[in-house]
Amino acid sequence: MLTSTLCWSQLKLEPVVTEVQGIPEPGDSNKDASSIVASPKQLFQTALHAAKVARRRCKTSNDLSALGDCITQCKAALEHCPIADPRRWYASKTLGTALRKQFKLEGKLVDLEESIGNHREKLLICPIGHKGHESALKHLGQALNPRFKQTGNPADLDDSIVYQEERLSICPIGHSGRSSALNNLGDALYTRFKQNGNYVDLDDSIRYHEEQLSICPIGHSDRPSALTNLGRALHRRFKQTKNSTDLEDSIRYHKEKLSICLTGHSGRSTALNNLGDALYTGFKQTEKHAYLDDGIRYQKGNLAICSIGHSGRPAALTNLGRALLARFKQTKDSDDLNDSIRFQEEKLSICPVGHLGRSSALRNLSEALQARFEQSEDRVDFKESISYFEAAAALSVSSLSDRLEASKAWISLARKYDTSSLTEAYSNSLYLLNRSVLLASSIHGRHVRLTSIGHRARDIAVDAASHAIKTQRLQSAVEILEQGRGLMFNQAGNYLTPLDNLGVVNKELADGFRELNAAMEQSTFSDESEDERLANGEDKIANYQRLSNAWNDTVEEIRQQEGFGSFLRATPFVTLQKSAIAGPIIIVNISQYRSDAIIAQDTGEPLLVPLPDATPLAVRALAKTLLDTTTTRPPEAESDRILRGLLREIWRIITEPIVFQLENTLKLRRGSRIFWVLTSVSSSLPVHASGPYIQGELSLPDRFVSSYVPTISGLLRAQKGYQRHQDPLGPRWLVVAQPEAEGEAKLPHVHQEIDVIRQMGTQNLTDPFQSRFSLLNRDAPLTVLEILKNGLPHAELAVLSACHSAAGDRSAPDESIHLTAGLMFAGFRGVVGTMWGTADVDGPALAEEFYECMFRGPDRVECRDAATALSRAVRQLRRRKVPFDRWITSVHYGI
């Protein structure tokens, strides 16, 4: 009988032997018994048994030596077991599971990578139908999820979900593994929701957790975790949908979880914390004091459990302090306020620099100190509050969204009580806002992120500019507006993100920077609870610090690339003002604090024009009137009356003071070009058509030729890239004529417009596009994105007589996101568009006048003539006394 040299009784594991003692086989009497070599099968069984023993020992404690022994013996077992051996899968599973546990304890990514490799191997040797297939899917999915949290690679999370879905499909109702499969899939979908904000994932997560709860009756071992996960997900959905049923259910599930976790239960702290947090949310939504009082009671119970040194104490201090501050604001009970400050100060003291809980500690303590300052007017509290907000905004080990919230609070406090730090606060906020939107992986993602940030963040640029104007820093005001507005397009020539442009110069550098961004954002876990954020905090801090250092180094390297010196910085005014070579640029800034226009010329200092009557409220009312009139289409006489009054009011509060400076200070000649950059709510107004409209007085279109530009940088790029093309065949144009398209109004005069253009004697010509580019023989409309993704670096002029081609985005009013502006950033130097639907009957006359001006000869077509050509064509419509809505809709963008 063979015996191993391993001493099983003592459970002390030694390196696996290659020789074993035993009785000689028959016929081998001359052999030394001690030199008999064990077979691979025997070695495999010996090592695997040793691994099992070590695993059992490890389960009873966190003994790293036992875990290490298990890993060593598993590797030894695999060395003696060919891949094709049917026994190999169990050793692969055991090794993968042990390595993942070691990763949890030590945080070494190499262990997790090796674990994933072993689980992938197990899946390969355990095909569908194999008894190990289900557990292979389970463990591989579980291992990929934490790697996603470490690296931010969304492919890991997607793969994890795929494996968990497959596992669920082979665990039908009644299967012992179905509860676990539902839980893991629900968790993975919830994680993906936090990463991309897709509420479909959240709904699916809730659906799976609800099913899990339904098959885990009272007393089932999985019911507590099912209650926790479902309550958490419903709480999160309530924050978005405000569906009170979700919140009520969340509170009910957390209460049941608490009833299961009696005093002394390891899950009681989490149950108290989650229930208190849900009740606090209920108070914020309903202002029911009972919610707040109950929430505070549960949070106090949680803090009592989480004694000094307890891992849950930082979160308990945060949540209780926050709830007490909310109650103080309702009752003005000073005891609540002082207790709130005391708890937040303790939280800060146990969260040193680099701790993941420090950000919330700084922000919450700042808010509490601000409340006490506003009550007592103690300047010490004010100074401390400002300093803590500033520190939170600068904290690198914090999500960009958290830092931006802290920076906004800093601005609000400084604006209200002391402006000495306001310039720095605005500068910091603009940097964070630009970085947050820039780092989205796509233009669509940037738009989603911008709209989700909210109007307060989007107003940062116009408010910062108003402060710069107040302090007589006009150049800075222009730089601020250029940096902070137009976030979808700014620095995005050819409709590519700055990183896409960098990819043309240095693809490796651009790809590396994208990976760093994803990893950093994931490392901060901005949407996690305090408990989730602090789990394995030291490992996360070390990982984030490594990423942060790499990020800073990479930014500096990017700035060394030609053309990227201003990466994540504002473009200097001296560079921006060069774009005013063709005419003055007028930047209209509408802020809650003050409204002004800044006129920039190609040389010299900018000129300030205060607009005291152009308040956001007044401008917003004008924008609403315009929208209502152009969408409801009242009778012609009524429409003319409304629009005439609207254009007069725009003239009075915005345009007239500007025109006075243009004519009297700058001595600008009649018929000169002027370029408008409209911000905030003014971006949808037809400023180009404003005027007194009184007999004998000139309106703006009678004085100057107006063009719009989304950003000054966009105009500068168009000017730099402009080239006059001499083609032996003459100018080349493309005409897209479409009298009808599915879902769109018919345009019977389109062919007449084409005939007008043909009479100019040119072959390849351009004609207006239809609204939204709805094209015949195409399954879906031609979107701006499809054009812009390809880029048109040599395109010069696009003429769109389609509906709403220059209508802006109401969800982000300071972003010029429409077809006209989009084509300009695709590479077109100039674009003619419409603010709303055009009258088809005006098309031929408008086209005739426009193209007569454009085609001055067979070989000469200048896109720079488009603004003047449009002005002349519109003048002809006005001479025919057409209604206002039929001529003010046409606009020009670009050079």
Side-chain angles (χ1 to χ4, degrees), residues 235 239 247 250-251 254-255 258 268-308 310 312-351 357-389 391-392 402 405-406 408-410 412-413 416-417 529-531 533-534:
H235 185 188
K239 290 181 178 180
L247 182 62
S250 174
I251 292 172
H254 287 314
K255 282 184 175 179
L258 183 61
R268 186 169 179 81
S269 172
T270 300
L272 286 165
N273 180 72
N274 290 341
L275 178 54
D277 195 34
L279 288 165
Y280 175 75
T281 299
F283 162 74
K284 289 198 298 181
Q285 176 65 20
T286 65
E287 295 191 356
K288 291 181 180 179
H289 289 273
Y291 275 144
L292 186 57
D293 291 339
D294 286 347
I296 288 173
R297 178 163 53 87
Y298 290 125
Q299 295 292 4
K300 284 183 175 179
N302 183 33
L303 186 61
I305 294 175
C306 299
S307 57
I308 295 174
H310 191 287
R313 189 167 181 85
L317 290 165
T318 292
N319 294 333
L320 178 55
R322 179 185 61 180
L324 288 168
L325 177 60
R327 190 164 70 179
F328 162 76
K329 291 179 178 179
Q330 296 290 318
T331 66
K332 304 304 178 185
D333 185 339
S334 297
D335 289 340
D336 279 345
L337 177 59
N338 291 330
D339 285 345
S340 175
I341 292 173
R342 177 165 57 84
F343 291 138
Q344 301 297 359
E345 286 177 335
E346 182 187 341
K347 165 75 180 296
L348 187 62
S349 71
I350 60 177
C351 296
R358 189 170 180 84
S359 174
S360 61
L362 288 166
R363 287 184 287 113
N364 292 332
L365 180 55
S366 297
E367 292 174 11
L369 289 169
Q370 178 182 347
R372 191 165 71 182
F373 161 71
E374 291 173 344
Q375 181 189 51
S376 66
E377 298 185 356
D378 186 339
R379 297 292 294 183
V380 173
D381 284 339
F382 171 77
K383 291 180 179 179
E384 287 187 350
S385 180
I386 282 282
S387 67
Y388 289 142
F389 276 134
D402 283 349
E405 285 300 314
K408 285 158 55 181
W410 176 13
S412 178
L413 187 59
K416 194 172 182 179
Y417 298 110
S529 68
E530 189 82 3
D531 284 336
R533 191 176 302 192
L534 295 178

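Between Phe373 and Phe382, the ring planes lie tilted relative to each other; the angle falls in the 30° to 60° range.
Distance CG/Leu362 to CG/Leu348: 5.0 Å, rounded to 0.5 Å. In this structure, CD on Glu377 lies 10.5 Å from CD on Gln375, to the nearest 0.5 angstrom. Here Leu275 contributes atom CG and Tyr280 contributes atom OH; the two are 15.5 Å apart, rounded to the nearest 0.5 Å. The distance from atom CG of Leu413 to atom CD of Glu374, rounded to the nearest 0.5 Å, is 7.5 Å. To the nearest 0.5 Å, the span separating OG on Ser385 from CZ on Arg363 amounts to 13.0 Å. How far CG of Asn274 is from CG of Asn302: 9.0 Å, rounded to the nearest 0.5 Å.
Across all their heavy atoms, Leu337 and Ala371 have their closest contact at CD1-CB, 4.1 Å. Across every non-hydrogen atom of Asp333 and Asp335, the tightest pair is OD1-N, 2.9 Å. Contact record, Ile341 with Ala368: CG1-CB, 3.6 Å, taken as the closest heavy-atom pair. Between Ser360 and Lys347, the shortest heavy-atom contact is OG-NZ, 2.9 Å. Contact detail for Ala392 and Ala406: the closest heavy-atom pair is CB-CB, 3.6 Å. Minimum interatomic distance between Arg313 and Cys306 (heavy atoms only, all atoms of both residues): NH1-O, 2.6 Å.
Salt bridge status for Arg372 with Glu384: absent, with no side-chain N to carboxylate O gap under 4.0 Å. Using a cut-off of 4.0 Å between Lys/Arg side-chain N and Asp/Glu carboxylate O, Lys408 and Glu405 are scored as salt-bridged. Taking the charged nitrogens against the carboxylate oxygens, Lys288 and Asp294 have no contact shorter than 4.0 Å, which rules out a salt bridge.
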Evaluate the criterion side chain to side chain contact (heavy atoms under 4.5 Å, CB included) for residue pair Tyr417 and Ile386; output intermediate values, then yes/no. CA-CA 10 Å; Tyr417 298 110; Ile386 282 282; over 6 Å; no

Would Glu367 and Arg322 satisfy salt bridge (charged side-chain N to carboxylate O under 4.0 Å, His left out), going step by step from the backbone distance to the final call? CA-CA 9 Å; Glu367 292 174 11; Arg322 179 185 61 180; over 6 Å; no

Would you sort out whether Asp381 and Gln370 count as a side chain to side chain contact (heavy atoms under 4.5 Å, CB included), showing the intermediate values? CA-CA 7 Å; Asp381 284 339; Gln370 178 182 347; over 6 Å; no

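Donor-acceptor pairing under 3.5 Å is lacking for the side chains of Tyr291 and Gln285.
The backbone N or O of Ala409 sits nowhere less than 3.5 Å from a side-chain atom of Ser412 that would complete a donor-acceptor pair.
Of the candidates Asn364, Ile296, Asn273, Leu272, Asn273 is the only one forming a side chain to side chain contact (heavy atoms under 4.5 Å, CB included) with Asn319.
Judged by the 6.0 Å distance and 45° axis criteria, Lys300 is not positioned over the aromatic ring of Tyr298.
Between Arg327 and Ser340 the shortest side-chain heavy-atom distance does not fall below 4.5 Å.
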